[in-house]
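What's counted below: heavy atoms across the whole structure, side chains too, no hydrogens, waters or symmetry copies.
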Amino acid sequence: RVTPTTSFLSAGHADASSLVLVVGLLLSGLTAAAVYFGFAARDRSHQYHDVALQLATLFRNLPGMAYRRDKDATAPMAFVSEGCQALSGYAREVFAEGDKDWLDLVHPDDRRRVKSHIENAFASGKPFEVSYRITDADGKTRWMWERGRVTASEVNHDVHLEGFVTDITEQRSAESEAREHREHLAHVDRLNLLGEMATGIAHEINQPLTAISLFVQAGGRMAHEGKIEKLPEIFDKLIRHAHRASAVI
């Protein structure tokens, strides 16, 4: 009574085969999905690696320093590119580890103005541009141009300041030389104008002085010859030419 019949065994074998087939199909599907996601993850990893290399190359080729800093001015800078060493003479680890802050390098006469721009950027969220001086590791004064703006993280909504700094010392020097050159040219123009004015004044004054000299000589001869009746007329002409010279001056 407990021995399985042939039909029962056949039905059991069929059910078992169906179950094995279903389990096999499920395992195949899971394996295929795992392989697909594995390849996808590998491709994404390669893409992230390529992007990281591209960004690293871009930062190395920038003619300056890219940075990222938190709102807390006492915290170490979150990111500093390798260009900081060419600008300041300090390695990026000095800033990343908090041994020194970029604001520490800013010239004391410009530091308050730079801090004010940064504070206004955090308060308003608007980008800013500022030029200032720094003292590098060798003690030399160099001019910097900085542009930055505030960004918010999509993950934890933290606020950061991201920006770029580049050296404009040569540009400042060229502008200073150009300004001095323009001032020198303006000075030369003023000297030329004064020379022309002096030449014109000398010419205008020389005419009445020549007339005065001639009338004095004529008056002297008339006085010597006793012809004093014409002296009043000569004196009037002398006075008129003297007034003419005075008017020119």
Side-chain angles (χ1 to χ4, degrees), residues 62-65 83 86-89 102-103 105-121 124 126-149 163-249:
L62 282 176
M65 176 189 77
L87 294 180
S88 66
W102 183 258
L103 290 175
L105 308 183
V106 178
H107 194 279
D109 294 340
D110 300 338
R111 191 171 300 158
R112 178 177 297 180
R113 178 166 53 87
V114 175
K115 287 184 177 180
S116 177
H117 277 83
I118 294 176
E119 292 172 356
N120 292 336
S124 63
K126 297 180 179 179
F128 71 92
E129 295 181 8
V130 60
S131 300
Y132 54 87
R133 294 162 292 175
I134 69 166
T135 303
D136 63 11
D138 296 330
K140 298 180 181 179
T141 300
R142 305 173 70 176
W143 276 96
M144 299 288 138
W145 176 84
E146 178 177 345
R147 178 178 176 86
R149 70 182 307 147
F164 176 74
V165 183
T166 188
D167 191 335
I168 59 170
T169 304
E170 294 184 359
Q171 177 183 345
R172 280 278 181 165
S173 178
E175 291 175 354
S176 178
E177 292 178 0
R179 182 171 58 254
E180 293 177 358
H181 183 63
R182 289 194 299 269
E183 292 176 354
H184 178 70
L185 290 179
H187 179 65
V188 171
D189 289 340
R190 289 193 295 270
L191 290 179
N192 291 336
L193 179 60
L194 289 175
E196 293 175 0
M197 291 176 60
T199 302
I201 292 175
H203 176 73
E204 293 294 329
I205 294 179
N206 188 52
Q207 293 180 355
L209 290 180
T210 301
I212 290 173
S213 177
L214 294 175
F215 283 120
V216 168
Q217 293 176 11
R221 287 195 301 268
M222 290 179 183
H224 182 70
E225 296 173 357
K227 301 177 181 180
I228 60 175
E229 67 276 0
K230 292 186 178 181
L231 292 180
E233 181 182 353
I234 291 177
F235 291 154
D236 290 339
K237 292 181 179 180
L238 291 174
I239 293 174
R240 187 165 60 252
H241 285 291
H243 286 170
R244 179 184 172 187
S246 176
V248 171
I249 295 176

Please check: side-chain N/O of Thr210 versus main-chain N/O of Asn206, any donor-acceptor pairing under 3.5 Å? yes

> Crowded around Glu170 CD? As in, over 12 foreign heavy atoms under 6.0 Å?
Replying inline: no

Verify, without hydrogens or angle tests, whether Ser246 (side chain) and Ala242 (backbone) share a donor-acceptor contact under 3.5 angstrom. no

Rounded to the nearest 0.5 Å, the CG atom of Asp236 sits from the CZ atom of Phe215 at a distance of 10.5 Å

| request: Could you check if a side-chain atom of Val114 sits within less than 4.5 angstrom of a side-chain atom of Trp102, using non-hydrogen atoms only? | output: no

Rounded to the nearest 0.5 Å, the CD1 atom of Ile234 sits from the CD1 atom of Ile239 at a distance of 12.5 Å

> If you count the non-hydrogen atoms of other residues, nucleotides and ligands that lie under 6.0 Å from CD1 in Ile228, is the total more than 12?
Replying inline: no

Is the shortest heavy-atom distance from the side chain of Arg182 to the side chain of Glu180 under 4.5 Å? no

Quiz item: Taking Asp110 for the side chain and Arg133 for the main chain, is one N or O donor matched with an acceptor at less than 3.5 Å?
Solution: yes

Here the pair of heavy atoms bringing Ala223 nearest to Leu231 is CB-CD1, 4.4 Å

Interatomic distance, CG@Asn192 vs NE2@His187, rounded to 0.5 Å, equals 10.0 Å

dist Arg179:CZ -> His181:NE2 (nearest 0.5 Å) comes out at 13.5 Å

Looking only at heavy atoms, the pair that brings Trp143 and Asp167 closest together is O-OD1, 3.1 Å

Practice prompt. May I have the step-by-step check of side chain to side chain contact (heavy atoms under 4.5 Å, CB included) for Glu233 and Lys237, ending in yes or no?
Written response: CA-CA 6 Å; Glu233 181 182 353; Lys237 292 181 179 180; 3.6 Å; yes

Nearest heavy-atom contact between Ile212 and His241 is CG1-CB, 3.6 Å

Looking only at heavy atoms, the pair that brings Trp145 and Ser131 closest together is CD1-OG, 3.6 Å

Flag if over 12 foreign heavy atoms under 6.0 Å of CZ, Arg149: no

Scanning both residues in full, the closest heavy-atom pair of Leu103 with Arg111 reads O-NE, 3.3 Å

Taken to the nearest 0.5 Å, the spacing of Asp189 CG from His184 NE2 works out to 10.0 Å

As a quick check of understanding, evaluate side chain to side chain contact (heavy atoms under 4.5 Å, CB included) for Tyr132 and His107, giving each step before the final call.
CA-CA 7 Å; Tyr132 54 87; His107 194 279; over 6 Å; no

Output for pair (Asp136 CG, Arg142 CZ), nearest 0.5 Å, gives 5.5 Å

For Gln207, the side-chain hydrogen bond (donor to acceptor under 3.5 Å, both in side chains) test, sequence neighbours excluded, returns His203, Arg244

| message | Before you tell me yes or no, could you show the steps for Glu146 and Phe128 under side chain to side chain contact (heavy atoms under 4.5 Å, CB included), namely the whole-Å CA-CA distance, both residues' side-chain angles and the distance that decides it to 0.1 Å? | response | CA-CA 8 Å; Glu146 178 177 345; Phe128 71 92; 3.7 Å; yes

Nearest heavy-atom contact between Met65 and Gly83 is CB-C, 4.1 Å

